[in-house]
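A short write-up of the structure that comes next.
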Amino acid sequence: KEQNVELYEVMVVPGANPALPLMRKVREARERNDYSKLTSGTFAEQNLVYLGNISRNSLKRKIFSQLTEGAIKKADSSLVMPLFMSEKKLQRQKNTVSVISEDFFSSKPENERLLLGLTNQQSAEINFYRNSLTLFNQSFVSPLASSGNAYYNYYLTDSIMQNQRKEYQVNFRTKNSKNLAFNGTMKIDSASLALTYIDATLPAGANLNYVHQLRIQQKFQPNAGFFVPESEQF
């Protein structure tokens, strides 16, 4: 029987992979480009948790009945339910981050305890300049890690001009979809070799229990000679 297979992406690369020497230079520059060591000041962090893809029958279960109390109307036809929101103000001093103030907005105290158990298993800051990222009490290998070549394949796919700066676009793919490593794209400033953008997705087959979709996007902007975070989506 005829079978059709749609390829997600096809890459044609030369015999010598130009992404490998570029990534070696990026790793050598990690220390000076790591914004967590070069910057100080205050910043805000928000956590907003929704429950999605739910049905009316599911809402009858005991755990959902506790979460929905005060958070959703009986006549509401939405399949997304807001559960929890928190906001922190933090102070960064070199290598340390301290909490200045913290506010929680949730429907019930039980929600707060339940969802803090999930969200507190994430790092306060997702920093790809480090060798690993701690999320859900697991260590994920960063594409910029010193041992990155053992976990990733790299492809130099483009060079572009961005605000009168030249950037390299590098695609990365995990060598084993079961590993806690990402697939995605990053952009590197050609002059400083700093990260200006990254979009990383965990493969669906990764060994991470109940988490089936994980995607991290970060954008950086130039400030005082180096690149600092502009926005992040998790």
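Remember, it's a predicted structure, so these values are computed and weren't measured experimentally.
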Identify the residue among Val26, Leu195, Thr196 that makes a side chain to side chain contact (heavy atoms under 4.5 Å, CB included) with Met186.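 The single option meeting the side chain to side chain contact (heavy atoms under 4.5 Å, CB included) with Met186 is Leu195.
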Kindly write out the residues that satisfy salt bridge (charged side-chain N to carboxylate O under 4.0 Å, His left out) with Arg215, not counting sequence neighbours, or none if the list is empty.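 By the salt bridge (charged side-chain N to carboxylate O under 4.0 Å, His left out) rule, Arg215 matches Asp199.
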Please list, chain by chain and in numerical order, all residues satisfying salt bridge (charged side-chain N to carboxylate O under 4.0 Å, His left out) with Arg173, sequence neighbours excluded.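 Applying salt bridge (charged side-chain N to carboxylate O under 4.0 Å, His left out) to Arg173 gives Glu9.
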Got a sec: does the NZ of Lys175 have more than 12 other heavy atoms crowding it under 6.0 Å?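 Yes.
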Just by distance, do the side chain of [X] and the backbone of [Y] share a donor-acceptor pair under 3.5 Å?
{"X": "Asn176", "Y": "Lys178", "result": "yes"}
{"X": "Asn179", "Y": "Ala206", "result": "no"}
{"X": "Asn33", "Y": "Ser192", "result": "yes"}
{"X": "Gln218", "Y": "Ile126", "result": "yes"}
{"X": "Ser142", "Y": "Ser132", "result": "no"}
{"X": "Ser190", "Y": "Lys166", "result": "yes"}

Test side chain to side chain donor-acceptor pair (under 3.5 Å) on Thr201 and Asn183; report intermediate values, then the result. CA-CA 5 Å; Thr201 302; Asn183 294 332; over 6 Å; no
Among Tyr151, Phe182, Tyr152, Phe128, exactly one meets ring-ring contact (aromatic ring centres under 6.0 Å, His included) together with Phe140. Which residue is that?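 Only match with Phe140 under ring-ring contact (aromatic ring centres under 6.0 Å, His included): Phe182.
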Could you give the distance from [atom1] ([X]) to [atom2] ([Y]), rounded to the nearest 0.5 Å?
{"X": "Arg27", "Y": "Asn131", "atom1": "CZ", "atom2": "CG", "value": "9.5 Å"}
{"X": "Gln221", "Y": "Asn163", "atom1": "CD", "atom2": "CG", "value": "11.0 Å"}
{"X": "Thr134", "Y": "Asn127", "atom1": "OG1", "atom2": "CG", "value": "11.0 Å"}
{"X": "Arg130", "Y": "Leu144", "atom1": "CZ", "atom2": "CG", "value": "13.0 Å"}

Dump the intermediate steps for side chain to side chain contact (heavy atoms under 4.5 Å, CB included) on Ile216 and Leu135, then the final yes or no. CA-CA 11 Å; Ile216 303 169; Leu135 302 167; 4.0 Å; yes
Minimum heavy-atom distance [X]-[Y], with the two atoms named:
{"X": "Ala16", "Y": "Pro18", "value": "O-CD, 3.1 Å"}
{"X": "Pro143", "Y": "Phe172", "value": "CG-CE1, 3.7 Å"}
{"X": "Phe227", "Y": "Ala194", "value": "CD1-CB, 3.7 Å"}
{"X": "Thr174", "Y": "Ala181", "value": "OG1-CB, 3.7 Å"}
{"X": "Leu22", "Y": "Tyr168", "value": "CD2-CB, 3.9 Å"}

Begin with the C-alpha distance, continue with both residues' side-chain angles, and end with the deciding distance and a verdict on side chain to side chain contact (heavy atoms under 4.5 Å, CB included) for Met23 and Val170. CA-CA 9 Å; Met23 290 306 301; Val170 178; 4.3 Å; yes
Single-linkage hydrophobic cluster, 4.5 Å side-chain cutoff, Phe234 and Val141 together: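 They do share one cluster, since a chain of ILVMFWY contacts under 4.5 Å joins Phe234 to Val141.
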Does Lys187 count as lying over the ring of Tyr197, i.e. NZ or CZ under 6.0 Å from the six-ring centre, within 45 degrees of the axis?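 Yes, Lys187 sits over the ring of Tyr197.
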Let me see the working for Gln217 and Glu232 under side chain to side chain contact (heavy atoms under 4.5 Å, CB included), right down to the final yes or no. CA-CA 6 Å; Gln217 288 179 297; Glu232 175 183 282; over 6 Å; no
State, with a plain yes or no, whether a side-chain heavy atom of Leu20 is found less than 4.5 Å away from one of Asn149.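 Leu20 reaches Asn149 side chain to side chain.
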Show the numbers, then the answer: is there a side chain to side chain contact (heavy atoms under 4.5 Å, CB included) between Phe220 and Glu230? CA-CA 5 Å; Phe220 301 83; Glu230 178 185 5; 5.8 Å; no
Glu28/Arg30 under salt bridge (charged side-chain N to carboxylate O under 4.0 Å, His left out): CA gap, chis, key distance, verdict: CA-CA 6 Å; Glu28 292 172 352; Arg30 280 192 313 167; over 6 Å; no
